[in-house]
Amino acid sequence: MHFWLMKSEPDVFSVDHLAARPNRTEPWTGVRNYQARNFMRDEMRPGDLAFFYHSSCPEPGIAGIVRISGRAYADATQFDSASEYYDPKATRDHPRWFNVDVTLVRKTRLFSLQELRSRPELASMLVLKRGNRLSIMPVSQREWRAIERLL
DNA sequence: GCCAACGTTGGC
DNA sequence: GCCAACGTTGGC
C-alpha cells in the first residue's frame with residue numbers, strides 16, 4: 001500500500017468534477033511527464049490512496065482523498081488527434097503514456113499549500129520542494145497520517 | 001503577468 | 001553524448 005499526491009488544475013478537473021462522475025471514478029489522463037508516468041505505470045496499485053491536490057489556482061492545496069481503482073493502462077488521449085494530449089509518436093502497439101483510474105473517497109476541507117508549509121512535520125513533503133514540477137509524487141506514510149489527522 | 005526551475009528537443 | 005534553446009509548470 002502506497003500513498004500519493006496527484007495535482008490537477010481545478011479549472012480543468014476539480015474534486016467536484018470527480019464527485020459528479022459515474023461511480024465517482026475517472027481515468028487520470030493527460031500526464032505527459034515520464035517520472036509521473038512511471039509512478040502510475042510501475043508503482044501504483046489498486047487500493048493505494050492519494051491526495052487530490054488543486055494547483056495553478058487562487059487557493060492551491062489538498063481538496064480530497066482518492067483511491068486508485070485499477071492498474072495503469074494506455075492513456076486513450078495519446079491516440080486522439082483531436083485531443084490536446086495527442087502524441088503522434090505513440091502507437092497502439094507501443095503506447096507511450098499510461099493512466100490509472102481514480103475513485104473519490106471523500107472531499108476534504110481545503111488543506112492549503114500555505115498550511116502544508118506551516119507544519120514542521122510536513123517539511124519533508126516533495127510537493128513543498130522548491131522547483132518541484134511533478135504532477136504525481138509519492139507521500140510517505142508518516143506524512144499521510146500527519147495530514148489525515150489535521151483534515 | 002512574472003519568472004525560477006527544470007524537462008525536452010534537436011543540431012552538432 | 002553534449003548542451004543551448006525552448007517550452008512548461010505553478011506559485012506568487
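Worth knowing before you read on, the calculation uses all heavy atoms, side chains too, and leaves out hydrogens, waters and symmetry mates. Order of the sequence lines sets the chain letters (A, B, ...), proteins ahead of strands, with each chain counted from 1.
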Could you walk me through whether A:Glu121 and A:Arg149 satisfy the salt bridge (charged side-chain N to carboxylate O under 4.0 Å, His left out) test, starting with their C-alpha distance in whole Å, then the side-chain angles of each, then the deciding distance to 0.1 Å, before giving a yes or no? CA-CA 12 Å; A:Glu121 68 270 36; A:Arg149 203 163 48 235; 5.1 Å; no
What is the 5' to 3' range of DNA chain B, first to last nucleotide, that sits under 4.0 Å from any heavy atom of chain A? B:dA4 to B:dT8
Close side-chain approach of A:Met137 to A:Gln35, heavy-atom, < 4.5 Å: no
Under a 4.5 Å cut-off applied to non-hydrogen side-chain atoms, are A:Trp144 and A:Ile65 in contact? yes
For atom CZ of A:Arg45, decide whether the heavy atoms of other residues, nucleotides or ligands shown that lie under 6.0 angstrom number more than 12. yes
Under the ring pair (Phe, Tyr, Trp, His ring centres under 6.0 Å) criterion, do A:Tyr73 and A:Trp97 qualify, and how do the steps go? CA-CA 8 Å; A:Tyr73 56 95; A:Trp97 306 111; over 10 Å; no
Between A:Lys89 and A:Asn132, who's closer to the 5' end of DNA chain B by nearest nucleotide? A:Asn132
Qualifying residues under side chain to side chain donor-acceptor pair (under 3.5 Å), relative to A:Arg71, sequence neighbours excluded: none
Measure up the A:Phe52 and A:His54 rings against each other and bin them: parallel (under 30°), tilted (30 to 60°), perpendicular (over 60°). perpendicular
Listed range with range, the stems formed with DNA chain C by at least 3 consecutive Watson-Crick or G-U pairs (under 3.5 Å) are B:1-12 with C:1-12
So, does A:Arg21 use its side chain to make a donor-acceptor pair with the main chain of A:Leu104 at under 3.5 Å? no
